[in-house]
Amino acid sequence: MTTESPLRFELQANDPACAARAGRLNSPHGETLTPVFMPVGTHGALKALTPRQVEETGATIVLANTYHLAIRPGEGLVEKSGGLHGFMRWPKTILTDSGGFQVFSLPGTKIDDHGVQFRYEKDGEPVELTPERSMQIQMALGADIIMAFDECVPFPCDEPRAERAMYRTLDWVDRCQVAHDRKDQALFGIVQGSTYERLRKKCAQEMIRRDFPGYAVGGVSVGEGLDLLKKVVGWTAPFLPEDKPRYLMGVGLPEDILESIERGIDMFDCVIPTRYARSATLFTFRGRIRLTNRRYRRDLFPVEPNCECYTCREFTRAYLHHLFQSDEILGHILASIHNVAFYQMMMRQAREAILEGRYMEYKEAFLKEQAKGR
RNA sequence: GUCGGCGUAGCUCAGUUGGUUAGAGCACCAGAUUGUGGUUCUGGGGGUCGGGGGUUCAAGUCCCCUCGCCGACC
């Protein structure tokens with residue numbers, strides 16, 4: 001049985017030397033070239049950026065969050081506003097996360113087979129999320145891609161607990177499929193299994209059997225580090241269907257992303273470019289720089305000379321240093337523009353390299369250059 | 001001129017009846033941040049305790065002189 005999906009994924013190229021792939025992902029809101037990085041706009045906004053500025057970075061898909069939007073402003077209002085696309089005025093593709101990660105990231109949650117109770121809320125009412133409720137919210141929000149409600153365990157996690165969470169995730173994904181009845185949204189399944197090869201493979205098999213238009217690898221970016229991340233991806237990605245997009249959730253740093261592309265991942269999201277931007281940490285081909293450092297006080301060069309973003313075209317490091325020292329909002333804006341643009345540039349280059357069959361060379365050169373900055 | 005109050009980190013201040021190596025907040029410097037609460041966390045550099053003298057085993061603390069600022073009164 002094949003689920004009909006509003007998503008079309010076309011594989012364009014496989015790198016001859018590794019599992020890296022280039023493809024095209026079409027949603028009702030346009031085309032996205034893969035591998036792709038999706039900037040995160042949890043509350044229906046990429047912090048510090050207008051949708052126009054986000055588009056100018058080259059991003060064609062962004063992420064928002066079920067849990068946060070259900071609490072405020074409530075999915076009903078969003079639905080009345082024309083869904084997330086109308087509410088936040090982002091015309092391109094949107095993916096919503098299910099709220100599953102908040103089980104891991106928010107303190108004071110109570111979880112059982114039925115669902116999760118969040119007791120942490122400081123403002124707004126305490127919330128309960130179940131697979132059904134998560135689907136209900138995500139259908140109202142109206143994103144093009146929505147995620148199954150899963151249980152994400154912390155790291156480290158012993159195998160029995162990881163296994164219980166994995167089977168609960170499988171049970172919940174069945175309930176998500178039953179509850180999801182909108183044909184203009186694609187529901188992705190999420191592979192869990194912590195850092196255990198046996199569980200990852202089992203979970204991948206079970207997800208594939210349920211036939212989704214795309215598959216995510218979840219339960220990473222919880223503090224496991226690059227070595228384990230590579231292993232987990234290596235145990236999972238090769239078993240996922242070739243003709244469906246593969247999404248590594250919550251990752252990550254440039255090196256995390258490049259290593260995972262090599263292992264066959266197509267989609268990424270992470271708060272790092274935007275969060276780091278707000279604390280003055282900017283990405284360059286020579287590694288990260290921290291603009292608040294005194295050494296940039298009189299630095300009249302752009303953040304990254306080879307970057308064509310608005311920030312790098314127009315402003316010096318010294319000016320950005322000054323903006324951060326003065327707590328000017330513009331510092332956050334310009335830094336966010338650059339970091340998001342930098343990630344998009346990195347993904348374009350990776351894609352080009354795959355299409356030309358030289359991905360490994362590209363990755364090695366990129367990482368070598370990054371190391372020079374240290 | 002007289003009387004009173006105050007001088008401790010860049011800033012605002014705490015410092016017990018005299019008792020180890022004088023503290024805090026902010027600022028500054030440097031790290032951390034992975035399906036986001038613009039946060040938060042973790043380190044670090046900084047002091048002739050206005051200056052000088054005295055009492056004492058021991059003084060930021062008590063005494064004397066002196067300098068500066070503030071207030072009140074002549």
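Not measured: the values here are computed from a predicted model. Naming: A, B, ... by sequence-line order, numbering from 1 per chain.
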Discussion item. Is any side-chain heavy atom of Asp174(A) closer than 4.5 Å to one of Arg210(A)?
Written reply: yes

Discussion item. Between A14(B) and G50(B), how many Å separate the two P atoms, rounded to a whole number?
Written reply: 13 Å

Discussion item. In this structure, how many angstroms lie between the C1' atom of G31(B) and the OH atom of Tyr276(A), rounded?
Written reply: 11 Å

Discussion item. Using a strict threshold of under 4.0 Å (side-chain N to carboxylate O), is an ion pair present between Glu206(A) and Arg209(A)?
Written reply: yes

Worksheet item: Checking all strands, does Arg290(A) fall into the base, sugar-phosphate, or nothing category for heavy-atom contacts under 4.0 angstrom?
Response: base

Item to complete: Round to the nearest Å and state the distance from Leu282(A) atom CG to G31(B) atom C1'.
Response: 16 Å

Discussion item. Once hydrogens and angles are ignored, does a donor-acceptor distance under 3.5 Å link the base of U36(B) to the side chain of Arg278(A)?
Written reply: yes

Worksheet item: Taking only side-chain nitrogens and oxygens of Arg275(A), does any of them come within less than 4.0 Å of OP1 or OP2 of U33(B)?
Response: no

Item to complete: Look at all strands and tell whether Gln325(A) reaches a base, only sugar-phosphate, or nothing, counting heavy atoms closer than 4.0 Å.
Response: sugar-phosphate

Practice prompt. List the steps and the verdict of salt bridge (Lys or Arg N to Asp or Glu O under 4.0 Å) for Asp266(A) and Lys244(A).
Written response: CA-CA 9 Å; Asp266(A) 308 301; Lys244(A) 300 287 170 63; over 6 Å; no

Worksheet item: Is there a side chain to side chain contact (heavy atoms under 4.5 Å, CB included) between Trp235(A) and Val232(A) once you walk through the steps?
Response: CA-CA 5 Å; Trp235(A) 294 331; Val232(A) 168; 4.2 Å; yes

Worksheet item: Is Gly41(A) touching bases, backbone alone, or none of the nucleic acid, heavy atoms closer than 4.0 Å?
Response: nothing

Worksheet entry | Atom pair distance, as rounded to whole Å: CD1 in Ile257(A) and C1' in U34(B) | 9 Å

Fill in: Atom-to-atom span, NE2 of His332(A) to P of G37(B) - whole angstrom
17 Å

Worksheet item: Between Thr57(A) and Gln344(A), does any side-chain donor sit less than 3.5 Å from a side-chain acceptor?
Response: no

Practice prompt. Classify the nucleic acid contact of Asn293(A) as base, sugar-phosphate or nothing, counting any heavy atom under 4.0 Å across all strands shown.
Written response: sugar-phosphate

Practice prompt. Give a yes or no on whether a donor-acceptor pair under 3.5 Å exists between the nucleobase atoms of G35(B), that is its base, and the side chain of Asp150(A).
Written response: yes

Fill in: Whole-Å distance separating the CG atom of Leu69(A) from the C1' atom of G35(B)
14 Å

Item to complete: Find which nucleotide of RNA chain B each of His321(A) and Gly252(A) is nearest to by heavy atoms, and output the residue with the more 5' nucleotide.
Response: His321(A)

Discussion item. Considering every strand and a 4.0 Å limit on heavy-atom distances, what is the contact class for Leu63(A): base, sugar-phosphate, or nothing?
Written reply: sugar-phosphate

Practice prompt. Using whole Å, report how far CD of Gln102(A) lies from P of G35(B).
Written response: 9 Å

Worksheet item: To the nearest angstrom, how far is Phe37(A) atom CZ from U34(B) atom C1'?
Response: 9 Å

Practice prompt. May I ask you to say what Tyr247(A) touches in the nucleic acid, namely base, sugar-phosphate or nothing, with a heavy-atom cut-off under 4.0 Å?
Written response: nothing

Practice prompt. Determine whether the side chains of Thr32(A) and Thr60(A) contain a donor N or O and an acceptor N or O closer than 3.5 Å.
Written response: yes

Discussion item. So for Ser279(A) and U33(B), does any side-chain atom that can act as donor or acceptor lie under 3.5 Å from a complementary atom in the base?
Written reply: yes

Practice prompt. Using a 4.0 Å heavy-atom cut-off across all strands, classify Asp256(A) as base, sugar-phosphate, or nothing.
Written response: base

Practice prompt. Starting from P on C26(B), measure out to CG on Asp327(A) and report it in whole angstrom.
Written response: 14 Å

